[in-house]
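Note that the numbering runs from 1 along the sequence shown for the chain. For the numbers below, each heavy atom of this structure counts, side chains included, while hydrogens, waters and symmetry mates do not.
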Amino acid sequence: MIDAGGCCVGPGFIDLHAHGASGADFLSGDAGDAREIAATHARYGTTALFATVRSAPGETMRRAVACLGDMIRSGKAGGIVGIHIEGPFLNPARAGVHPVEHLRLPDPDELGALMAPADGCPMIVTLAPELPGARGLIEAIAARGGIPAAGHSDASYREACEAFGAGVRSVTHLFNAMSGMHHRRPGLAAAALANVRVVAELIADGMHVHPEMVKMALKLKGRDGIILVTDCMQALDAETHAFRVGGKEVTIRGGTPVLEDGTLCGSVLTMSGALRNVRQWTGAPPADVAALATSNPARLAGIDARKGALAPGMDADIVIFDEKFGVRTTIIGGEVAYAAPGSGLRRGE
């Protein structure tokens, strides 16, 4: 028996977009790195995450996807439940930290080779829907059971809406690395806010998106239309504060990873921190805020039959947290994955 001590008890948090932690990156294709990343995120209440693989040489991406696919299918992935392939079919004009030299035009054969090592695993694939041939890729992703997502895109409002009609179901890190909301040239961000057919990721660290824009997005999309993600990179809980991502130096400034020119490079946000921020900015009840990181991502990912809620027959993924979303205990599959000091519990109990 676990004494929650007046804290909240809820389903474990689900992060559909995380690149790394503790100095490790999912792109390494190393199972030990992947487990270490998952264990770090578990300290902040994440019991299920989609390991995210960014644009890189084709063989590097395929090796990383194959490693993750093997881990997930073996049941020994330590909280990793899916794979988010972010690239390489992105618009160079909205590349962000994705190396332009590794971006490619949509290619069905390359897509197939990239997704094949993870067949049978939940997958999200982010692409720029305005690129030539992107519609065929959107259909191919869905045909393989994946979730097509639009991101790192310069799509017009019309192109974005056409992509939603073709099968795009999600928008990757809303407002960031995409055409925005100009009053004469509404782009992907405006289309996502106006369209009920898609959900939108949000990075709620106060840097990627201003708190007032987070509040506006929640008003327009409603509680069911927003999914919180961290887009966390290897700097979270790492021993150093300088890294190389895509061949470029990344440092932490003001709590945010950036390139030398100030370009944002993911985050060091945790899911508990994202939830705490949204609760503070909106004043919404904890249960409504928690849905942004539990039932909403579970529904999009197609894992809501076993994750995202506390109910008979669901996976025993549980997080115990205080009113500020400070995590006391994280339980994955019925076993303690993290216990805060003083809880009297130990990992694995």
Side-chain angles (χ1 to χ4, degrees), residues 1-15 18-26 31-49 51 76-81 203-206 228-241 243 252 254-257 266-281 285-287 289-294 297 307-310 314-349:
M1 179 179 292
I2 297 175
D3 183 359
C7 291
C8 300
V9 178
F13 307 145
I14 301 169
D15 191 349
H19 291 273
S22 295
D25 191 310
F26 286 122
D33 284 353
R35 292 190 183 95
E36 178 63 26
I37 294 166
T40 300
H41 284 276
R43 295 202 290 268
Y44 302 98
T46 296
T47 59
L49 58 80
K76 300 178 181 179
I80 300 169
V81 300
I203 306 171
D205 61 354
L228 295 182
V229 298
T230 63
D231 198 11
C232 185
M233 52 87 76
Q234 61 260 50
L236 174 66
D237 287 358
E239 295 180 356
T240 181
H241 293 286
F243 305 86
I252 308 301
T256 303
S267 81
V268 289
L269 181 66
T270 65
M271 193 56 77
S272 58
L275 290 161
R276 179 168 55 251
N277 288 340
V278 173
R279 167 99 167 108
Q280 178 181 339
W281 297 338
V289 176
L292 307 179
T294 54
K307 297 185 183 294
L310 295 182
M314 305 286 278
D315 291 349
D317 292 350
I318 301 167
V319 61
I320 300 173
F321 55 93
D322 61 29
E323 61 181 6
K324 294 183 178 180
F325 286 98
V327 174
R328 298 283 300 277
T329 305
T330 304
I331 298 169
I332 301 177
E335 292 192 354
V336 175
Y338 168 75
S343 67
L345 294 171
R346 292 174 297 180
R347 184 175 175 180
E349 292 185 329

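- Nearest heavy atoms, D25 versus Q234: OD2-OE1, 3.4 Å.
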Determine, stepwise, if the pair V81 / L49 fulfils side chain to side chain contact (heavy atoms under 4.5 Å, CB included). CA-CA 6 Å; V81 300; L49 58 80; over 6 Å; no
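- Across all non-hydrogen atoms, the minimal contact from K76 to R35 is O-NE, 3.2 Å.
- In terms of heavy-atom proximity, G23 sits nearest to A238 at N-CB, 3.6 Å.
- In terms of heavy-atom proximity, Y338 sits nearest to V327 at CE2-O, 3.9 Å.
- Between atom CG of residue L292 and atom CZ of residue R279 there is a gap of 12.5 Å, rounded to the nearest 0.5 Å.
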Could you tabulate the donor-acceptor pairs under 3.5 Å formed by side-chain atoms of residues 315-325, not counting sequence neighbours?
{"from": "D315", "atom 1": "OD2", "to": "R306", "atom 2": "NH1", "distance (Å)": "3.3"}
{"from": "D315", "atom 1": "OD2", "to": "K307", "atom 2": "NZ", "distance (Å)": "2.9"}
{"from": "D317", "atom 1": "OD1", "to": "G333", "atom 2": "N", "distance (Å)": "2.8"}
{"from": "D317", "atom 1": "OD2", "to": "K307", "atom 2": "NZ", "distance (Å)": "2.5"}
{"from": "D322", "atom 1": "OD1", "to": "K324", "atom 2": "N", "distance (Å)": "2.9"}
{"from": "D322", "atom 1": "OD1", "to": "F325", "atom 2": "N", "distance (Å)": "3.1"}
{"from": "D322", "atom 1": "OD1", "to": "G326", "atom 2": "N", "distance (Å)": "2.7"}

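- Here D231 pairs with nothing under the salt bridge (charged side-chain N to carboxylate O under 4.0 Å, His left out) rule; sequence neighbours left out.
- Each side-chain hydrogen bond (donor to acceptor under 3.5 Å, both in side chains) pair with one or both residues in residues 269-278, not counting sequence neighbours, appears once here: T270-S272.
- In this view, A18 and D15, H41, T230 satisfy the side-chain contact (heavy atoms from CB on, under 4.5 Å) rule, not counting sequence neighbours.
- Residues A293 and L275 share a closest heavy-atom pair of CB-CD2, 4.0 Å.
- Closest heavy-atom contact between T47 and G12: OG1-CA, 3.2 Å.
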Determine whether V278 and L228 satisfy the following criterion, side chain to side chain contact (heavy atoms under 4.5 Å, CB included), listing intermediate values before the conclusion. CA-CA 9 Å; V278 173; L228 295 182; 4.0 Å; yes
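- The backbone N or O of A42 lies less than 3.5 Å from no partner atom in the side chain of T46, so there is not a single donor-acceptor pair.
- For the atom pair CG of D33 and CZ of F26, the computed distance is 9.5 Å after rounding to the nearest 0.5 Å.
- D237 meets the side-chain contact (heavy atoms from CB on, under 4.5 Å) test with S22, T40, R43, Y44; sequence neighbours excluded.
- Among residues two or more places apart in sequence or in another chain, the side-chain contact (heavy atoms from CB on, under 4.5 Å) test is passed with T256 by M207, V258, L264.
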